[in-house]
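Keep in mind the model is a prediction, meaning the values are calculated, not measured. First listed ligand is number 1; within each ligand, the first listed atom is number 1.
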Amino acid sequence: MAYFPAFFKLDNKKILIVGGGYIAYEKLDHLLDFTKDISVIALELSADMKKLIETNNLSYEQRAYKVGDIKDFAVVIVAVDDIPLQADIFKESKKYNCLCNAVDSVDYCDFIFPSYIKKDDLTIAVSTSGASPAMAKRIRMYLEDTIPDSVGEFLKEMKKLRSTLPKGKERMKMLDEKAKKYIQGWKNGNES
Ligand SMILES: C[C@@]1(CC(=O)O)C2=NC(=C\c3[nH]c(c(CCC(=O)O)c3CC(=O)O)Cc3[nH]c(c(CC(=O)O)c3CCC(=O)O)/C=C3\N/C(=C\2)[C@@H](CCC(=O)O)[C@]3(C)CC(=O)O)/[C@H]1CCC(=O)O
Ligand SMILES: NC(=O)c1ccc[n+]([C@@H]2O[C@H](COP(=O)([O-])OP(=O)(O)OC[C@H]3O[C@@H](n4cnc5c(N)ncnc54)[C@H](O)[C@@H]3O)[C@@H](O)[C@H]2O)c1
């Protein structure tokens with residue numbers, strides 16, 4: 001079945017990452033764009049992971065995962081090189097209100113990580129439903145190159161217009177026309 005794309009509110013949601021290698025680092029680095037309420041449990045940390053945890057003042061316990069560790073978390077990312085443990089934590093997460101992402105198999109995932117670009121208020125997420133993470137990354141790079149950084153300023157202007165002009169057909173038409181013209185400007189190499 002296809003994955004439903006949604007933008008998930010992380011306020012007051014505690015996240016646990018199990019594992020401290022390269023993949024845990026990638027997941028943590030991406031999550032930090034959206035929340036700081038992240039704890040880590042891992043037997044060992046890579047140097048990059050250690051640095052990221054220290055810089056962001058995150059909670060870290062150096063030990064093996066034990067049953068029950070997830071009970072107070074809303075989300076768990078299982079980034080260990082141990083597939084049976086990924087399966088066990090996924091099963092355990094069903095006892096709690098905890099969504100699970102396991103890095104080696106979509107069978108043990110309630111959700112998967114998209115590739116994404118974030119430029120101020122614009123976020124674009126890309127998924128291949130797990131078919132080709134490499135392709136998701138390449139599409140992300142393509143979007144990064146195509147969409148100018150000025151999009152942040154443009155969105156600020158649009159937000160202001162939406163909050164000041166009265167709702168209705170005229171406003172809808174004007175905003176749609178402005179968005180169309182702004183995107184047409186990319187093709188002509190005009191970024192403003
Ligand atoms: C997008 C991104 C986001 C992120 O990580 O935040 C992400 N993987 C990224 C990179 C990447 N991952 C892999 C390669 C090597 C090339 C290749 O295999 O294609 C590369 C490319 C590279 O690193 O260059 C290997 C890999 N990945 C998964 C498996 C297990 C499996 O397939 O069963 C294996 C095999 C492990 C092995 O063979 O040992 C699984 C998943 N990876 C996902 C996300 C989810 C599906 C996303 C989708 O819908 O496509 C899903 C299902 C679960 C999840 O992780 O949530 C991030 C790009 C970030 C960016 O740069 O923009
Ligand atoms: N989803 C993806 O994008 C993706 C991409 C490539 C690879 N992978 C998979 O991700 C997995 C992790 O890869 P990696 O390169 O980060 O591996 P790694 O060996 O660098 O890291 C594994 C981490 O798990 C920790 N760990 C192992 N058992 C533990 C336990 N019981 N409790 C707590 N911590 C424990 C280790 O201490 C280490 O920090 C691999 O199985 C790999 O196949 C996923």
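When side chains are defined from C-beta on, Glu92 does not count as touching Val76, because their heavy atoms never get closer than 4.5 Å. Residues Leu28 and Ile38 have side chains in contact (heavy-atom distance under 4.5 Å, counting atoms from C-beta outward).
Protein residues lining ligand 2, listed by chain and number: Val18, Gly19, Gly20, Gly21, Tyr22, Ile23, Lys27, Ala42, Leu43, Glu44, Arg63, Ala64, Tyr65, Ala79, Val80, Asp81, Leu85, Val103, Asp104 [non-hydrogen atoms, distance under 4.0 Å].
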N or O contacts of ligand 1 with protein under 3.5 Å, please list pair by pair.
unit_1   : atom_1 : unit_2 : atom_2 : d
ligand 1 : 5 (O)  : Lys27  : NZ     : 2.6
ligand 1 : 6 (O)  : His30  : ND1    : 2.6
ligand 1 : 19 (O) : Ala134 : N      : 3.0
ligand 1 : 24 (O) : Lys137 : NZ     : 2.7
ligand 1 : 33 (O) : Asp104 : O      : 3.1
ligand 1 : 49 (O) : Ser127 : OG     : 2.6
ligand 1 : 49 (O) : Thr128 : N      : 2.9
ligand 1 : 49 (O) : Ser129 : N      : 3.2
ligand 1 : 49 (O) : Gly130 : N      : 3.1
ligand 1 : 50 (O) : Thr128 : N      : 3.3
ligand 1 : 50 (O) : Thr128 : OG1    : 2.6
ligand 1 : 55 (O) : Lys27  : NZ     : 2.6
ligand 1 : 56 (O) : Asn101 : ND2    : 2.8
ligand 1 : 56 (O) : Phe113 : N      : 2.8
ligand 1 : 61 (O) : Arg140 : NH2    : 2.5
ligand 1 : 62 (O) : Ser115 : OG     : 2.3
ligand 1 : 62 (O) : Arg140 : NE     : 2.8
ligand 1 : 62 (O) : Arg140 : NH2    : 3.2

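Checked by atom type and distance alone, the side chain of Asn101 never pairs as donor or acceptor with a backbone atom of Cys109 at under 3.5 Å. The backbone N or O of Tyr182 sits nowhere less than 3.5 Å from a side-chain atom of Lys180 that would complete a donor-acceptor pair.
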Exercise for review: Please lay out, stage by stage, how Asp88 and Tyr65 fare under the test side chain to side chain donor-acceptor pair (under 3.5 Å).
Suggested key: CA-CA 11 Å; Asp88 287 349; Tyr65 177 84; over 6 Å; no
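Evaluated for a side chain to side chain contact (heavy atoms under 4.5 Å, CB included) with Leu161, the options Lys156, Met174, Arg171 yield exactly one hit, Met174.
Using a cutoff of 4.0 Å between basic side-chain nitrogens and carboxylate oxygens, Lys66 and Asp69 are scored as salt-bridged. Using a 4.0 Å cut-off between charged nitrogen and carboxylate oxygen, Arg140 and Glu144 count as a salt-bridge pair.
Annotation: cation-pi geometry satisfied between Lys94 and Phe90 (NZ/CZ under 6.0 angstrom from ring centroid, within 45° of ring axis).
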